[in-house]
J.: 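Structure below; questions to follow.
Note that this is a predicted model, so its numbers are computed, not measured. All values below come from the heavy atoms of this structure, side chains included, with hydrogens, waters and symmetry mates left out.
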Number of protein chains: 2
Amino acid sequence: MIQTRDIQHFEHLLDKHHLKKTAPRLRVLSMMSSRSTATSQPDLESLMQDIDRVTLYRILNAFEEKGIIHKVFDLNGTANYALCSSKCDEHDHHDEHLHFNCIQCKNVYCLNDMNLPAISLPAGFEPQGFTVYANGLCPKCSKKAVDK
Amino acid sequence: MIQTRDIQHFEHLLDKHHLKKTAPRLRVLSMMSSRSTATSQPDLESLMQDIDRVTLYRILNAFEEKGIIHKVFDLNGTANYALCSSKCDEHDHHDEHLHFNCIQCKNVYCLNDMNLPAISLPAGFEPQGFTVYANGLCPKCSKKAVDK
DNA sequence: CAAGTTATTGCAACATTATTGCATTTAAAA
DNA sequence: TTTTAAATGCAATAATGTTGCAATAACTTG
């Protein structure tokens, strides 16, 4: 459930990034924060049918640009969006966390607090960031598999 | 340059997966093997304009299903395709290698022979595979940056 | 707090990509 | 060679990404 302090947090977030506090934007933020997994653009669209498709598209773009949300691609290449951890901002947008794609329920989990081991690359490559995708069964689905 | 033994290899590959040896399929295989980086669907399309778009689409799907190629998403979420290492097959399709997205030239490199460090997940998650994406500058582009 | 300014929205239109059905063609098998 | 099963190419449609523009809503300033 969305609390008053969440609303205030969202408004602050928009303020911080010089984005106007509009109804569609606040609704997108509260929708995303109410979900434990990343949400695809089509899903967001059907969850908030009264927001225009193009508006949603632009809101997501603006949020991503500002470092408020990040984009994750699932196993089908569909873009999924999730709120960034509070540490991200426009200039230091690090989504170096781990993404988990469940092959059963298709949900995308952002496992923010995992620290990744160092990864070495061949000579010449100069990495600026890493993203790790794991696929398999999420806790819910692996539990179901055992229960059967 | 494509050698006779490559053609034979491709034909064998199709045979092995019970796919008919057709001209478009062989052309797609030789095109992909001639490129050091993964190739996007739009690029493949313009490289082989006389192959129908739908045919290309279906060829790529069939190849991926059989474990002949794998799909990599670049920073824009566009699918890029590359030949799998010879060890992949239908039942053991492990593309647990490292993908490198160059932010300059946009090329996608498949760094097959890197072994990834073990990655641990929260309790309940049962991973079946990992894919690591690094983004940054590839050897060519980082060299150019220094030269300037 | 009213008026002006600017960002944002929603609509229409268009571009690109993904996907399906079907008739025709081609490769492999008999 | 004939048969048959798969693959191709075309047409059509669906889904998604993107732009321009007029109307609207949010912020700013006097």
J.: Take the protein atom CG of A/L60 and the nucleotide atom C1' of C/dT8, then report the distance between them rounded to whole Å.
T.: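 Interatomic distance, CG of A/L60 to C1' of C/dT8: 15 Å.
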J.: Counting C-beta onward and ignoring hydrogens, is there a side-chain heavy-atom pair between B/S33 and B/F10 closer than 4.5 Å?
T.: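 Yes; the side chains approach each other to less than 4.5 Å.
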J.: Would B/D50 and B/R27 pass as an ion pair if we require N to O under 4.0 Å?
T.: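 Here B/D50 pairs with B/R27 in a salt bridge, since their nearest N and O are under 4.0 Å apart.
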J.: For residues A/L14 and A/L26, determine if any side-chain heavy atom of one lies less than 4.5 Å from a side-chain heavy atom of the other.
T.: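 Yes - at least one pair of side-chain heavy atoms lies under 4.5 Å apart.
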J.: Calculate the interatomic distance between A/Y57 atom OH and C/dA15 atom C1'; express it in whole Å.
T.: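 Result: 11 Å.
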J.: Can you measure A/K21 atom NZ to C/dT9 atom P for me and round it to whole angstrom units?
T.: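 Rounded to whole Å, this separation is 14 Å.
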J.: Roughly, in whole Å, what's the span from CG in B/L19 to C1' in C/dT26?
T.: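 It is 15 Å, rounded to the nearest whole Å.
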J.: Take A/V28 and A/M32 through the side chain to side chain contact (heavy atoms under 4.5 Å, CB included) test and state the conclusion after the steps.
T.: CA-CA 6 Å; A/V28 169; A/M32 292 181 81; 3.9 Å; yes
J.: With heavy atoms of chain A within less than 4.0 Å as the criterion, where does contact along DNA chain D begin and end?
T.: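 So the contact region on DNA chain D extends D/dT16 to D/dC27.
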J.: Step through it carefully: locate the ring centre of B/Y109, locate the ring centre of A/F125, and say whether they are under 6.0 Å apart.
T.: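 That pair passes the under 6.0 Å test.
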J.: Let's go through A/E64 and A/L60 carefully: what are the C-alpha distance in whole Å and the side-chain angles of both, what is the deciding distance for side chain to side chain contact (heavy atoms under 4.5 Å, CB included) to 0.1 Å, and is it a yes or a no?
T.: CA-CA 6 Å; A/E64 202 201 355; A/L60 293 172; over 6 Å; no
J.: If you pin A/T22 and B/R58 to their nearest nucleotides in DNA chain C, which one's is more 5'?
T.: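 The residue whose closest nucleotide sits nearer the 5' end is A/T22.
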J.: Is A/R25 close to A/K20 at the side-chain level, that is, under 4.5 Å between some pair of heavy atoms?
T.: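 Yes, at least one pair of side-chain atoms sits under 4.5 Å.
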J.: Can you find a heavy atom in the side chain of B/D15 that is under 4.5 Å from one in the side chain of B/K21?
T.: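 B/D15 reaches B/K21 side chain to side chain.
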J.: Using a heavy-atom distance cut-off of less than 4.0 Å, which residues of residues 40-56 of chain A contact DNA chain C?
T.: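 Per residue number, the list reads A/D52, A/V54, A/T55.
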J.: Hey, which sits more toward the 5' end of DNA chain C by its nearest nucleotide, A/K20 or B/A79?
T.: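 Per heavy-atom nearest nucleotide, the more 5' residue is A/K20.
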